[in-house]
Structure formats: C-alpha cells, structure tokens
Amino acid sequence: MERIPSARMMIRFLLLHCLILSFMIASANTTSITTDQQALLSLKGHVTDDPANFLARNWNTSSSVCNWTGVTCDVRTHRVTALNISGLNLTGTIPSELGNLSSLQTLDLSINWFSGSIPASIFNMSSLLSIRFSNNTLFGELPPNFCNHLSNLESLFLKSNMFHGKIPSTLSNCKRLRNISLSLNDFSGTIPKEIGNVTKLIGLYLRGNQLQGMINEFN
Ligand SMILES: *[C@@H]1O[C@H](CO)[C@@H](O)[C@H](O)[C@H]1NC(C)=O
Ligand SMILES: *[C@@H]1O[C@H](CO)[C@@H](O)[C@H](O)[C@H]1NC(C)=O
Ligand SMILES: *[C@@H]1O[C@H](CO)[C@@H](O)[C@H](O)[C@H]1NC(C)=O
Ligand SMILES: *[C@@H]1O[C@H](CO)[C@@H](O)[C@H](O)[C@H]1NC(C)=O
Ligand SMILES: *[C@@H]1O[C@H](CO)[C@@H](O)[C@H](O)[C@H]1NC(C)=O
Ligand SMILES: *[C@@H]1O[C@H](CO)[C@@H](O)[C@H](O)[C@H]1NC(C)=O
Ligand SMILES: *[C@@H]1O[C@H](CO)[C@@H](O)[C@H](O)[C@H]1NC(C)=O
Ligand SMILES: *[C@@H]1O[C@H](CO)[C@@H](O)[C@H](O)[C@H]1NC(C)=O
Ligand SMILES: *[C@@H]1O[C@H](CO)[C@@H](O)[C@H](O)[C@H]1NC(C)=O
C-alpha cells in the first residue's frame with residue numbers, strides 16, 4: 001500500500017527537479033543573450049562618430065542582436081559568434097564589455113578610426129579564432145600574457161595602427177596561429193625566435209616597424 005504513493009512522490013520529485021533544471025538552463029541562456037546585447041550596446045555607446053548612421057539606424061533593442069548589421073549568431077545557441085563592422089568609418093574606442101561576448105569567434109573592426117588601447121578583457125576571450133583590427137589608430141603594447149587565454153587564435157591582424165613595444169616571445173604560446181600581421185606599426189626590439197615554434201604559422205608580416213632580427217625581409 002505504501003509503495004504506490006512513494007513512487008508517485010518520487011516521480012513528482014523528479015519532475016520538479018526537471019522543471020527547476022530547465023528553468024535554470026533557460027534563464028542562463030537569457031542572461032547570455034542579454035550579456036551579448038549589453039556588450040554590443042556598450043560598443044555602440046563608445047562609438048563617437050558613425051557617419052553613415054549604421055549603428056544608430058540598426059543597432060536597437062526593437063530587434064534581436066542576431067539581426068543587427070555585422071552581427072552573426074549561432075543558430076542553435078543564439079549567441080553572438082561573429083562581429084564584423086569593418087569599413088564603416090567608425091570613430092570610437094573598444095569598451096572592456098566587448099570581452100563579455102563569450103562565444104565570439106571572429107572580431108573584425110578593421111578599416112575604421114578606433115583609437116585607444118585594446119582592453120585586457122579581449123585577451124580573455126578563449127573562443128576567439130580571429131582578431132582583425134587592421135587600419136585603425138589603436139596603440140599600446142601587446143602584453144606578455146597575450147596568449148594565456150587566446151589559445152584558439154588563428155589570425156591576428158593588427159596592421160596599420162600605432163602599436164609599440166616589443167613583440168612578446170610568449171606570442172608563440174598561441175599554438176594555432178596561422179597568420180600574424182603586425183606591419184606598419186611602431187614595434188621595436190628583436191623578433192623573438194620563439195615565433196619559429198608556432199608550427200601552424202603560414203604568414204608573418206612585420207614590415208614597417210623598428211624591428212631587428214635574424215631575418216631581414218618580412219612582409
Ligand atoms: C531598429 O532597427 C531595425 C533594423 O534592425 C530598423 O528597421 C528600425 O527602423 C530601427 N528602429 C529605430 C527606432 O531606429
Ligand atoms: C529578424 O529578422 C527576420 C527577417 O529579417 C524576422 O523574421 C525576425 O522576426 C527578426 N527577429 C527579431 C527578433 O527581430
Ligand atoms: C568583414 O566584412 C568585410 C566587408 O564586408 C569583408 O571584406 C571581410 O572579409 C569580413 N571579415 C571577415 C573576417 O569575414
Ligand atoms: C568611408 O569614408 C570614405 C572616405 O571618406 C568613403 O569613400 C567611403 O564611402 C566611406 N564608407 C562608408 C561605409 O561610409
Ligand atoms: C561585462 O564586462 C564588464 C567589464 O569587463 C563588467 O564590469 C560587467 O560586469 C560585465 N557585464 C555583464 C552583464 O556580464
Ligand atoms: C578574465 O576572466 C576571468 C575569469 O572569467 C575574470 O575573473 C577576469 O576578471 C577577467 N579579466 C578581465 C581583464 O576581463
Ligand atoms: C590601410 O592602411 C594602409 C597604410 O596606412 C593604406 O595603404 C591602405 O590603403 C589602407 N587600406 C584601407 C582599405 O583603408
Ligand atoms: C621555442 O623556441 C626557443 C628558441 O628558438 C627554444 O629555445 C625553445 O626550446 C622552444 N620551446 C618550445 C616549447 O618548443
Ligand atoms: C593567411 O596567409 C596566407 C598566406 O599569405 C593567405 O593565403 C591566407 O589567405 C591567409 N589567411 C587568412 C585567414 O587571412
């Protein structure tokens with residue numbers, strides 16, 4: 001007689017757990033999409049000039065971030081996986097909130113007027129495969145811990161900016177790097193030999209800097 005109610009209790013208990021669990025998953029997802037939206041709105045807020053009104057017209061909360069110009073989302077998870085706002089003549093700075101796009105694989109801000117330095121939070125984005133900041137007016141140094149979290153990075157394009165300082169030897173810790181372009185900046189010192197340890201590297205572009213090293217001709 002006692003077994004039936006206890007089995008029912010058990011089922012109820014399990015159902016309740018399923019319900020709580022799915023609620024937790026759902027709210028976690030919501031938080032993430034909201035976080036992505038906040039990160040992008042923060043970027044919009046840090047853009048001081050947008051001559052074609054690209055972000056002003058398009059990046060508003062009446063549509064999903066996944067519908068915004070230059071934003072690509074994963075179909076299944078609805079998280080932002082690519083941000084490409086290259087060539088929009090935008091002036092502004094990169095906010096640290098951008099580092100909250102925790103599913104981002106491609107970050108292309110090239111051919112704009114972004115200034116200031118790259119916030120440390122960007123170096124925290126372990127999902128990133130591609131950083132494209134070429135043709136801006138960014139400055140600062142590449143930190144020695146550059147590769148601590150960017151372990152999946154395949155492309156690093158910083159060409160035509162105002163970066164300075166040494167190329168950290170620890171750049172070789174980004175084992176998946178295929179292309180590095182640091183051309184037309186103000187990097188100085190020697191080209192670290194450790195770069196030779198990056199076995200997947202097929203393109204290394206360093207011309208137009210103050211570098212010394214074994215190899216004379218880098219593009
Ligand atoms: C919001 O963005 C959508 C496109 O994503 C656009 O059609 C709409 O006009 C915008 N609304 C405002 C108020 O700017
Ligand atoms: C995104 O755009 C598509 C088609 O352009 C539209 O059907 C859909 O409702 C939009 N979604 C949101 C959340 O704005
Ligand atoms: C970003 O967009 C530009 C212009 O639409 C395109 O040339 C470039 O290849 C894109 N970047 C990436 C990483 O796909
Ligand atoms: C950016 O500025 C250049 C030069 O003023 C212009 O030729 C180009 O059309 C602009 N691009 C956009 C997307 O507004
Ligand atoms: C996003 O990042 C900023 C600065 O990196 C942080 O202060 C903030 O709490 C984060 N916001 C969310 C919603 O995660
Ligand atoms: C990097 O991520 C860690 C863990 O998620 C966090 O504690 C730290 O504050 C982040 N650093 C920056 C500069 O955003
Ligand atoms: C990028 O910068 C280089 C060097 O300043 C310049 O020669 C090139 O025309 C620029 N490319 C674009 C698309 O603006
Ligand atoms: C990386 O390169 C340096 C200098 O060429 C070498 O001494 C070192 O053993 C290499 N490290 C690894 C982990 O391959
Ligand atoms: C990497 O460099 C190679 C050689 O220059 C080039 O063929 C390839 O398109 C580059 N890849 C990317 C993603 O730019």
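First listed ligand is number 1; within each ligand, the first listed atom is number 1.
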Given Ile180, Leu129, Ile131, the one that forms side chain to side chain contact (heavy atoms under 4.5 Å, CB included) with Leu153: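 It is Ile131, the one option of Ile180, Leu129, Ile131 that forms the side chain to side chain contact (heavy atoms under 4.5 Å, CB included) with Leu153.
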Give a yes-or-no answer on whether the side chains of Ser102 and Arg79 include a donor-acceptor pair shorter than 3.5 Å.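 Judged by distance alone, the side chains do pair up.
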Determine whether the side chains of Glu97 and Ser42 contain a donor N or O and an acceptor N or O closer than 3.5 Å.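 There is such a pair between these side chains.
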Considering only heavy atoms of Gln38, which atoms of ligand 5 have at least one such atom less than 4.0 Å away?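 Going through ligand 5 atom by atom, the ones under 4.0 Å from Gln38 are 13 (C).
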Give the residue, atom name and distance (to 0.1 Å) of the protein heavy atom nearest [atom].
| atom | answer |
| --- | --- |
| atom 7 (O) of ligand 5 | Glu97 OE2, 5.0 Å |
| atom 5 (O) of ligand 5 | Ser96 OG, 3.5 Å |
| atom 9 (O) of ligand 5 | Asn100 ND2, 5.0 Å |
| atom 8 (C) of ligand 6 | Asn124 ND2, 3.7 Å |

Number the atoms of ligand 6 from 1 as they appear, then name those within less than 4.0 Å of a heavy atom of Ala120, with their elements.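 Listed by number with element: 13 (C).
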Any protein heavy atom < 4.0 Å from atom 2 (O) of ligand 3: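 It does; a protein heavy atom is within 4.0 Å.
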Within the structure, does at least one protein heavy atom fall under 4.0 Å of atom 11 (N) of ligand 6?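 Flag for atom 11 (N) of ligand 6 set to true, protein heavy atom closer than 4.0 Å.
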Could you tell me whether Thr35 and ligand 5 have an N or O pair separated by under 3.5 Å?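 Thr35 vs ligand 5: no N/O contact under 3.5 Å.
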Hey, is the main chain of [Y] close enough, under 3.5 Å, to the side chain of [X] for a donor-acceptor pair?
| X | Y | answer |
| --- | --- | --- |
| Trp68 | Ser63 | yes |
| Asp36 | Val65 | no |
| Asn161 | Phe139 | no |

Mark the output for Ser86 as yes if a heavy-atom distance to ligand 3 is under 4.0 Å, and as no if none is.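 Judged by the 4.0 Å heavy-atom criterion, Ser86 does count as contacting ligand 3.
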Do any nitrogen or oxygen atoms of Asn84 lie less than 3.5 angstrom from nitrogen or oxygen atoms of ligand 3?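 The answer is yes, given that Asn84 and ligand 3 share an N or O pair closer than 3.5 Å.
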Any N or O on Asp108 sitting closer than 3.5 Å to an N or O of ligand 3?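 Yes, at least one N or O pair falls under 3.5 Å.
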Under the side chain to side chain donor-acceptor pair (under 3.5 Å) definition, can you give me all pairs with a residue in residues 107-119, not counting sequence neighbours?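 Residue pairs passing side chain to side chain donor-acceptor pair (under 3.5 Å), neighbours aside: Asp108-Ser110.
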Output the distance between atom CD1 (Ile118) and atom CG (Leu142), rounded to the nearest 0.5 Å.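 So the gap between those two atoms works out to 6.5 Å.
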4.5 Å side-chain heavy-atom contact, Trp59 and Ile85: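 Yes; the side chains approach each other to less than 4.5 Å.
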Under a 4.0 angstrom heavy-atom cut-off, which atoms of ligand 3 come close to Thr106?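 With Thr106 as reference, the close atoms of ligand 3 come out as 13 (C).
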Shortest reach to atom 13 (C) of ligand 6 by a heavy atom, considering only Ser121, Gly99, Pro119: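 Nearest option to atom 13 (C) of ligand 6, by heavy atoms: Ser121.
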